[in-house]
There are 2 protein chains.
Amino acid sequence: MGRTSDARERLEKAIYQLMWDKSYNALTIDMICKEADVKKGSFYYYFESKTDLAVAAMEKAWQELKTKLDPIFSPAKDPLERLFDHADYSYEKTREIQRDSGQVLGCPCFNIASEVCCVESELAEKTFEILNRYRRYFTSAVKEAAEEGVIDEANPEEAARILYSVFDGMMTQARVRNDPEVLLDLKPAYRRLLKIK
Amino acid sequence: MGRTSDARERLEKAIYQLMWDKSYNALTIDMICKEADVKKGSFYYYFESKTDLAVAAMEKAWQELKTKLDPIFSPAKDPLERLFDHADYSYEKTREIQRDSGQVLGCPCFNIASEVCCVESELAEKTFEILNRYRRYFTSAVKEAAEEGVIDEANPEEAARILYSVFDGMMTQARVRNDPEVLLDLKPAYRRLLKIK
DNA sequence: AGTATAGATGACTGTTTAGTCAAGTAAAGC
DNA sequence: GCTTTACTTGACTAAACAGTCATCTATACT
């Protein structure tokens, strides 16, 4: 019983968008409240600190992303198809965001993880965790491809680590250059890295 | 004539170290002054703003790095040797820094570029410029390898772009994981990406 | 309709921050 | 040794900032 509200969700959306657009450390609580149209008193009603909100927002964003990744990396599909579909999805999504906001933003989790890993231990842990969850999709696909024999691969774990580094590296290159076309190198890179039969 | 000082250099060193350790946006002018042992009045004697100092510091750091990169990528060496020596250097340097400071820090320019590219346009331009200078070493080596026929390469520019994305991607993975061993994947990745004869 | 409760609000405090400035100090050149 | 000039200092202002709280409001449940 009592009053209802979506202020919590508005705050989570706001900090996530601002972190993605700008950076974590550039944000103040006032900015986040303004973006969410929530007063500071309410902010502290829901969250203890900026870090606290950021951690919650990252987890929510992951749950949202997961609903997109699960079909893309569906075990019903050929493992290589999963990887290439994910490359296509990343390119298309990046273009869409640039069309709407004028900016290529890259992978929010990777950006923030790199920014806070030596400063905000709580948020660092959460982003680290999410990066690992994300990478597991790659590992699973590469391992399966190796087992099915569609690639000639002596070290699938290594291959998956490298593929994921390429993905994050290119997403950030795309951000820095504000150019989605950078991501057109993703599929050629995967083809070079995997000995496809 | 007049009083002499190395306060300018101390400030540049201080912001560079702090940006690398933490991040750009996390820093205040007071923190930088304290680290450099320089009073704020002196800060504003030399620089207009934090951005101004950061730009100067990045350029100085690049000039310093260049003296390391030039021998590593010396045209006197085989092109592939340059790339592999650079991978070794990156790994060793990263380990050394972790030994001293307890932290893997990755590539400062890539970290900062990704952090400020949508916010601080002046610093964004400078870091962007440096990333391009860095990548030129890769491009030159790969192109030469292709021309000399030591690799079988239809698209050397693409290969160089991918190699450099792997490098930056892994450097940041190493930072986030605080694990230099991530960089041991660098040379295997290069070997996978280039059809070495 | 009344009440208990979840949430909203804005005014408040103390602190940190950027940026300024007049007065002081050290060294280079005469 | 004196003057010019490059640099230093600490005290200052105003603004931005995090965090608190008493009071107000809406609504779910009885």
Side-chain angles (χ1 to χ4, degrees), chain A residues 1-19 21-60 112 115-116 118-124 126, chain B residues 1-58 60 112 115-116 118-124 126:
Chain A
M1 59 176 82
R3 206 164 167 176
T4 55
S5 168
D6 62 344
R8 170 176 237 115
E9 286 70 32
R10 292 209 308 277
L11 284 167
E12 286 167 350
K13 278 239 172 255
I15 196 175
Y16 182 73
Q17 200 54 52
L18 286 171
M19 284 194 295
D21 284 347
K22 305 188 172 156
S23 87
Y24 174 77
N25 286 305
L27 306 182
T28 65
I29 291 174
D30 284 322
M31 285 169 68
I32 299 160
C33 288
K34 198 177 171 188
E35 174 84 8
D37 195 28
V38 163
K39 296 295 178 298
K40 197 150 52 172
S42 291
F43 177 98
Y44 285 101
Y45 179 79
Y46 290 106
F47 300 99
E48 279 187 0
S49 61
K50 195 176 83 170
T51 309
D52 191 30
L53 169 59
V55 169
M58 288 308 295
E59 183 57 35
K60 276 257 172 84
I112 297 164
E115 185 187 346
V116 303
C118 306
V119 189
E120 285 283 342
S121 64
E122 242 185 299
L123 182 55
K126 175 53 73 179
Chain B
M1 59 179 83
R3 206 165 167 174
T4 57
S5 168
D6 63 342
R8 170 175 236 115
E9 286 70 31
R10 292 210 309 277
L11 283 166
E12 285 166 352
K13 278 239 172 251
I15 197 176
Y16 182 73
Q17 200 55 51
L18 287 171
M19 283 195 297
W20 202 5
D21 283 348
K22 306 189 171 154
S23 86
Y24 174 76
N25 286 306
L27 306 183
T28 66
I29 291 175
D30 284 322
M31 285 169 68
I32 299 161
C33 287
K34 197 177 170 188
E35 175 84 9
D37 195 28
V38 162
K39 296 295 176 298
K40 197 152 50 174
S42 291
F43 177 99
Y44 284 102
Y45 178 78
Y46 291 105
F47 300 99
E48 278 186 0
S49 62
K50 195 177 82 169
T51 310
D52 190 30
L53 169 60
V55 169
M58 288 308 294
K60 275 257 172 85
I112 298 165
E115 185 187 346
V116 303
C118 307
V119 189
E120 286 282 343
S121 63
E122 242 185 299
L123 182 55
K126 173 55 72 180

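Chain letters run A, B, ... following the sequence lines, proteins first and then strands; every chain starts at 1.
- Bracketed by its first and final contacts, the part of DNA chain C lying under 4.0 Å from non-hydrogen atoms of chain B reaches from C/dT17 to C/dG29 in 5' to 3' order.
- Proximity of a side-chain donor or acceptor of B/K50 to a complementary backbone N or O of B/I15 within less than 3.5 Å is not detected.
- Residue whose closest nucleotide on DNA chain C sits further toward the 5' end, between A/Y45 and B/M31: A/Y45.
- Among the protein residues, B/F43 comes within range of no part of the nucleic acid, since none of its heavy atoms lies under 4.0 Å from any strand.
- Smallest separation of non-hydrogen atoms from B/D30 and B/K40: OD1-NZ, 3.2 Å.
- Taking atom CG on A/L27 and atom C1' on D/dA18, their separation rounds to 15 Å, with Å as the unit.
- Scanning for side chain to side chain donor-acceptor pair (under 3.5 Å) contacts around A/E115 gives A/S23, A/N25, with sequence neighbours left out.
- Minimum heavy-atom separation, B/A26 to B/M31: O-SD, 3.7 Å.
- What you find for A/L11 and A/I32 is that their closest heavy atoms are CD2-CG2, 4.1 Å.
- Rounded to an integer number of Å, the gap from A/N25 CG to D/dA16 P is 20 Å.
- With B/F47 as the aromatic partner, B/R8 meets the cation-pi criteria of under 6.0 angstrom to the ring centre and within 45 degrees of the ring axis.
- Shown here for B/Y46 and B/A7, the closest heavy-atom pair between the two residues is CE1-CB, 3.8 Å.
- Heavy-atom minimum distance, B/A54 versus B/Y24: CB-CE1, 3.7 Å.
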Exercise. Nucleotide by nucleotide, 5' to 3', does protein get under 4.0 Å of the base (B), only the sugar-phosphate (S), or neither (-) in nucleotides 20-30 of chain D, counting heavy atoms?
Worked result: BB---BBBSS-
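- In this structure, the nucleotide among D/dG19, D/dC7, D/dG10 sitting nearest to the side chain of A/I29 is D/dG19.
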